[in-house]
There are 2 protein chains.
Amino acid sequence: MSDIRILLVDDHPVVRAGLRAMLADFPGVTVVAEASDGDAALVELSKLNTLGEPVDLVLMDLQMGSGMDGVTATEKIKAGEAGNPPPPVLILTTYDTDADILAAVEAGASGYMLKDAPPEQIRQAVLSAAAGQTALAPEVAARLMGRIRNPSPALSGREVQLLELLATGMSNRAMAKQLFISEATVKTHLVHIYSKLGVDNRTAAIAVATQRRIIRGH
Amino acid sequence: MSDIRILLVDDHPVVRAGLRAMLADFPGVTVVAEASDGDAALVELSKLNTLGEPVDLVLMDLQMGSGMDGVTATEKIKAGEAGNPPPPVLILTTYDTDADILAAVEAGASGYMLKDAPPEQIRQAVLSAAAGQTALAPEVAARLMGRIRNPSPALSGREVQLLELLATGMSNRAMAKQLFISEATVKTHLVHIYSKLGVDNRTAAIAVATQRRIIRGH
DNA sequence: AGGGCGATCATCCAAATGGTTGATTCGGGT
DNA sequence: ACCCGAATCAACCATTTGGATGATCGCCCT
């Protein structure tokens with residue numbers, strides 16, 4: 001059987017070099033192309049497809065400095081826009097936040113590994129993913145379990161709206177005026193937000209909401 | 001003249017492999033040791049020192065998942081605890097926020113490069129740093145320049161530190177305990193921060209500081 | 001028809017935060 | 001020797017925020 005043909009996607013030349021070197025040590029896999037962001041990845045995919053040399057696995061970072069991010073790219077790949085059938089996508093990234101994992105899984109990723117994983121773990125993940133199986137880093141799997149056991153209550157639309165204003169530094173009074181409601185109502189919403197996020201003041205709420213990507217953080 | 005002897009410090013095996021591969025392509029440099037965090041780095045340094053084979057340059061990430069972080073490690077290296085004279089430290093990291101840069105420079109780093117830099121830029125930085133010169137990434141240098149041209153009153157190191165804790169949602173009391181200072185002092189710092197940033201409460205301060213990339217917006 | 005939930009508002013009280021003034025210490029620079 | 005800014009702390013008071021409780025209204029769902 002021929003080698004597993006891999007497309008590397010990462011905006012850091014250093015990381016690409018590392019993966020290339022690491023994968024070169026694994027028998028049975030070959031890096032056939034590289035890209036520095038999602039746009040370039042899609043181009044590479046379709047190019048290789050028309051050449052009749054489709055890739056078997058996309059190994060991609062989620063955070064890309066510029067260009068299309070990993071989640072969007074995963075969605076597009078899975079939509080089949082760049083060759084049929086779409087190859088499995090293995091996410092290899094730095095962060096293991098709930099929001100990141102969730103987004104990746106929802107976008108159709110076949111696996112989620114962390115960059116600080118030992119080479120052997122990465123090798124296993126690459127092989128499983130290429131074989132069509134799911135490969136999750138132990139840390140990630142554990143986190144998902146915790147998430148299922150501890151479902152954090154969803155914020156209502158109004159609450160998210162409050163949270164967004166809150167993150168701009170507005171006072172209760174300012175938010176009340178902006179939303180045409182009373183300060184009392186603002187306070188009620190805030191109390192609900194705090195209890196849902198498990199915090200007890202506004203700055204902590206912003207910190208948690210930002211970290212969970214409930215609101216934008218920059 | 002003999003090769004520049006380098007110690008690699010990064011908690012990601014992938015990144016270490018990448019740097020190793022990249023540096024192998026540069027003539028005149030040799031990676032003599034690797035470490036996954038600050039503690040291990042100090043051990044390696046003193047070990048090589050007693051062997052009479054001191055390193056000429058430490059190439060280190062700032063963010064280390066576990067163990068001693070890069071800033072602390074830089075301080076210790078510069079304090080000469082791990083061999084005399086202390087080698088220059090070149091920071092190679094992912095983020096270019098003021099807080100990170102400030103901390104690294106204050107800790108005595110000789111340079112600050114971003115991981116998404118092209119190999120050639122990294123090569124130049126390695127050579128300059130090993131030669132005892134300062135090497136800043138263009139993005140970083142530009143940021144510092146803009147800071148100078150835009151005389152928005154500079155925050156002191158302590159103030160930035162406060163701001164970082166603030167952004168995690170800590171109360172005045174919590175910050176006071178964490179920094180071993182009184183709440184009165186915390187409040188004084190906050191007042192200074194507010195006036196320098198042109199705001200009048202903590203959440204607004206976080207919003208502005210994040211926008212200006214004084215701190216990381218997660 | 002009734003139950004649940006989101007959104008709205010009020011009141012009362014406690015705790016945290018913000019604003020002001022003033023003071024001390026320490027280090028760097030003229 | 002002198003000045004200045006950073007960092008430290010204190011005391012005071014006004015304002016804001018947080019927490020508890022309770023209430024009304026409208027909507028969706030069964």
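Just so it is clear: chains get the letters A, B, ... in the order the sequence lines come, proteins before strands, and each one is counted from 1.
In this structure B:Q124 satisfies the side-chain hydrogen bond (donor to acceptor under 3.5 Å, both in side chains) test together with B:E120, sequence neighbours excluded. The side-chain hydrogen bond (donor to acceptor under 3.5 Å, both in side chains) test applied to B:T188 returns no partner, not counting sequence neighbours. Among residues two or more places apart in sequence or in another chain, the side-chain hydrogen bond (donor to acceptor under 3.5 Å, both in side chains) test is passed with A:E164 by none.
Taking a 4.0 Å limit (strictly below) on heavy-atom distances, residues 201-209 of chain B reaches DNA chain C at B:N201, B:R202. Of the residues in residues 168-193 of chain A, A:I181, A:S182, A:A184, A:T185, A:T188, A:H189 come within less than 4.0 Å of DNA chain C through at least one heavy atom, sorted by number.
Rounding to the nearest 0.5 Å gives a distance of 11.0 Å between CG of B:L163 and CZ of B:R202. Atom CG of B:D10 is separated from atom CG of B:L62 by 10.5 Å, given to the nearest 0.5 angstrom. Note that CZ of B:R16 and CG of A:D116 are 10.0 Å apart. Values are rounded to the nearest 0.5 Å.
Closest approach of B:S156 and B:E159 over heavy atoms only: N-OE1, 2.8 Å. Contact detail for B:P87 and B:V58: the closest heavy-atom pair is CG-CG2, 3.8 Å. Minimum heavy-atom separation, B:R158 to B:L179: NH2-O, 3.7 Å.
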Requested in this report: Take B:V208 and B:I214 through the test side-chain contact (heavy atoms from CB on, under 4.5 Å) and record every step on the way to the result.
Outcome: CA-CA 8 Å; B:V208 171; B:I214 294 169; 5.8 Å; no
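Applying the 4.0 Å criterion to OP1 and OP2 of C:dG18, one finds that B:Y194 has a side-chain N or O inside that range.
Nucleotides of DNA chain D with any atom under 4.0 Å from a heavy atom of chain A span, from 5' to 3', D:dT16 to D:dG19.
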